[in-house]
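This structure is a prediction, so every number in the text was calculated from the model and none was measured. In each ligand, atom 1 is the first atom listed, and ligand 1 is the first ligand listed. FYI, side chains are in, hydrogens and waters are out, and symmetry mates aren't considered; it's all heavy atoms of this structure.
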Amino acid sequence: MEDEKIYDVAIIGGGPAGASAALYAARSSMSTAIIEQGMPGGQIATTDVIDNYPGLPDVSGPELGQMMLDHAEAAGAEIVYAMVTGLERAENGTFVIQTDGDAIFALSVIVATGAAPRTVGFVGEDTFRGRGVSYCATCDGMFYRGKNVFVVGGGNSACEEGLYLSHIAKSVTMVVRRDEFRAPKGRVDSLLARDNVSVRYSTSIAEVSGEQLISAITFTDNKTGCSVTETFPQGSVGVFVFAGTDPIVELVAPLVDRAPDGGVLTDDGMATRTPGLYCAGDMRSKRLRQVVTAVSDGAIAATSAYSYVEGLR
Ligand SMILES: Cc1cc2nc3c(=O)[nH]c(=O)nc-3n(C[C@H](O)[C@H](O)[C@H](O)COP(=O)(O)OP(=O)(O)OC[C@H]3O[C@@H](n4cnc5c(N)ncnc54)[C@H](O)[C@@H]3O)c2cc1C
């Protein structure tokens with residue numbers, strides 16, 4: 001380790017929280033590495049339009065994600081494209097970050113690994129993932145041009161993505177577990193104003209089946225408990241699931257405390273119970289998982305890491 005570069009701060013995750021942390025850290029003259037395993041932007045790279053980020057109406061998700069990372073890089077952060085596979089704090093307090101490439105060393109670490117789409121557990125959900133079941137309209141919507149899609153979920157993301165899909169698919173049927181949407185009224189109204197969108201309230205998908213692609217879907221009426229199986233020509237239907245997300249916490253699990261919702265508990269400076277380790281963004285236990293709260297967390301975590309590193313000097 002003696003010959004290795006030791007960064008002041010290493011940030012794991014290049015979504016909004018990580019990019020914001022990197023920007024603030026680099027601007028405070030800390031040597032900063034940001035490690036990202038995939039596309040810049042995290043979850044927003046999977047959505048078409050972000051229409052609630054202040055000052056940037058209608059920016060596309062991938063564009064905003066790229067802009068955030070470019071901004072951090074221009075401020076001096078080093079971007080490392082790698083998957084982090086392990087995180088340890090050595091006895092001398094230095095963090096050792098194992099990746100699928102070289103190990104990275106840092107005096108402090110901000111973990112911003114975000115969240116992953118939640119599965120809903122119908123029979124066939126896993127088997128048909130990528131063969132009719134999807135969690136990303138922007139990534140997979142084009143495969144359903146002129147076809148019929150079912151969108152599972154009644155929240156904000158489900159409505160947003162249902163609206164996006166309504167411009168591509170022949171029909172969009174929202175499958176809503178309760179007897180009402182959970183999304184704000186304005187968002188629901190714009191969705192339902194589309195001619196090709198309909199809703200099945202109090203309904204869940206119990207099973208998807210078929211050979212290579214989906215050709216049958218079993219729906220359950222949540223009020224009566226009755227199930228009905230409908231059949232479709234092979235490959236003519238898709239099921240998009242937007243049922244919330246689960247925080248990605250595996251890397252830090254031994255080093256932090258967790259809340260009952262699975263998210264990491266931090267103080268208001270984003271500090272965990274491990275000195276020098278901070279968590280930011282959707283992986284935290286929090287009330288609102290959005291871009292604005294993720295970037296706020298990232299900025300706060302970076303200023304806390306700065307104070308911690310200064311204290312070591
Ligand atoms: C479909 C959809 C639509 C949305 N629409 C909106 C919207 O309109 N407005 C809004 O404000 N919010 C929206 N959100 C929520 C918003 O995207 C999130 O709140 C925000 O992206 C959280 O940022 P984050 O940086 O905490 O995590 P993420 O965006 O999840 O980023 C985490 C990053 O960490 C990386 N990572 C994870 N594990 C590792 C590892 N082991 N090694 C290296 N890298 C790793 C991931 O690849 C990812 O890039 C939407 C979310 C979804 C899913």
(request) Please examine the side chains of Arg187 and Leu163, heavy atoms only from C-beta on, and report whether any two atoms are closer than 4.5 Å. (result)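 Of all side-chain heavy-atom pairs linking Arg187 with Leu163, none is under 4.5 Å.
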(request) Kindly assign one of parallel, tilted or perpendicular to the pair Tyr278 and Tyr308, based on the angle between their ring planes and the thresholds 30° and 60°. (result)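 Ring orientation, 0 to 90° scale: perpendicular.
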(request) Look only at the side chain of Arg273 and the backbone of Val256, and say whether a donor-acceptor pair between them is shorter than 3.5 Å. (result)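 Checking the backbone N and O of Val256 against the side chain of Arg273, a donor-acceptor pair under 3.5 Å is found.
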(message) Between Thr293 (side chain only) and Leu288 (backbone N and O only), is there a donor and an acceptor less than 3.5 Å apart?
(response)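 Yes: the side chain of Thr293 pairs with the backbone of Leu288.
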For [X], counting its heavy atoms only, list the atoms of ligand 1 lying under 4.0 Å from any of them.
| X | value |
| --- | --- |
| Ala112 | 32 (C), 33 (C), 34 (O) |
| Val291 | 10 (C), 11 (O), 12 (N), 19 (O) |
| Ile44 | 17 (O) |
| Gly281 | 26 (O) |
| Ala82 | 43 (C) |
| Met83 | 42 (N) |

Distance only, no hydrogens: is a donor on one side chain within 3.5 Å (strictly under) of an acceptor on the other, for [X] and [Y]?
| X | Y | result |
| --- | --- | --- |
| Thr138 | Thr47 | no |
| Asp70 | Gln66 | yes |
| Asn222 | Arg177 | no |

(message) Starting from Ile104, can I reach Ile12 by hopping between I/L/V/M/F/W/Y residues whose side chains sit under 4.5 Å apart?
(response)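 As far as the 4.5 Å side-chain criterion goes, Ile104 and Ile12 are connected within one cluster.
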(message) Are Val152 and Tyr144 connected into the same hydrophobic cluster when the rule is that any two of I, L, V, M, F, W, Y join if their side-chain heavy atoms are below 4.5 Å apart?
(response)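 Not linked; separate clusters.
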Examine [X] against ligand 1 and note whether any of their N/O atoms are separated by less than 3.5 Å.
| X | value |
| --- | --- |
| Pro16 | yes |
| Glu36 | yes |
| Ala17 | yes |
| Gln43 | yes |
| Gln290 | yes |
| Val84 | yes |

Give the residue and atom name of whichever protein heavy atom lies nearest to [atom], and the separation in Å to one decimal.
| atom | result |
| --- | --- |
| atom 38 (N) of ligand 1 | Thr113 CG2, 3.4 Å |
| atom 50 (C) of ligand 1 | Ser157 OG, 4.4 Å |
| atom 34 (O) of ligand 1 | Gly13 CA, 3.2 Å |
| atom 6 (C) of ligand 1 | Ile50 CD1, 3.9 Å |
| atom 44 (N) of ligand 1 | Gln37 N, 3.2 Å |
| atom 15 (C) of ligand 1 | Arg289 O, 3.9 Å |
| atom 27 (O) of ligand 1 | Gly114 CA, 3.2 Å |

If you take the nearest heavy atom of each of [options], which one is closest to [atom]?
| atom | options | answer |
| --- | --- | --- |
| atom 3 (C) of ligand 1 | Thr47, Leu69, Asn156 | Thr47 |
| atom 4 (C) of ligand 1 | Arg187, Glu160, Met39 | Glu160 |
| atom 20 (C) of ligand 1 | Thr85, Asp282, Asp297 | Asp282 |

(message) Looking at Tyr24, I'd like to know if the NZ or CZ of Arg27 sits under 6.0 Å from its six-membered ring centre while staying within 45 degrees of the ring's axis.
(response)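 No cation-pi geometry.
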May I ask you to identify, for [X], whether its side chain, its backbone, both or neither come under 4.0 Å of ligand 1 on a heavy-atom basis?
| X | result |
| --- | --- |
| Asn52 | side chain |
| Ala294 | side chain |
| Met283 | neither |
| Ala115 | backbone |
| Pro40 | neither |

(message) Strictly by disulfide bond (SG atoms under 2.5 Å apart), give each pair with a member in residues 89-151 just once, sequence neighbours left out.
(response)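 Only Cys136-Cys139 qualify under disulfide bond (SG atoms under 2.5 Å apart).
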(request) Applying side chain to side chain donor-acceptor pair (under 3.5 Å), name anything that partners Glu63, two or more places apart in sequence or on another chain. (result)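 Applying side chain to side chain donor-acceptor pair (under 3.5 Å) to Glu63 gives none.
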(message) Tell me which one of Leu265, Thr272, Thr274 satisfies side chain to side chain contact (heavy atoms under 4.5 Å, CB included) with Asp257.
(response)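 Of the listed options, the one satisfying the test is Leu265.
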(message) For Gly65 versus Pro40, what's the shortest heavy-atom pair and its separation?
(response)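 That closest heavy-atom pairing would be O-CB, 4.3 Å.
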(request) Please verify whether a non-hydrogen atom of Cys136 lies at under 4.0 Å from ligand 1. (result)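 Cys136 does not count as a contact of ligand 1 under the 4.0 Å cut-off.
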(message) Please check if the number of heavy atoms outside Arg287 that lie under 6.0 Å from its CZ is greater than 12.
(response)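 Check fails, neighbour count at 12 or below.
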(message) For Lys5, is there an ion pair with Asp102 - N to carboxylate O distance below 4.0 angstrom?
(response)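 So Asp102 does not pair with Lys5 through a salt bridge.
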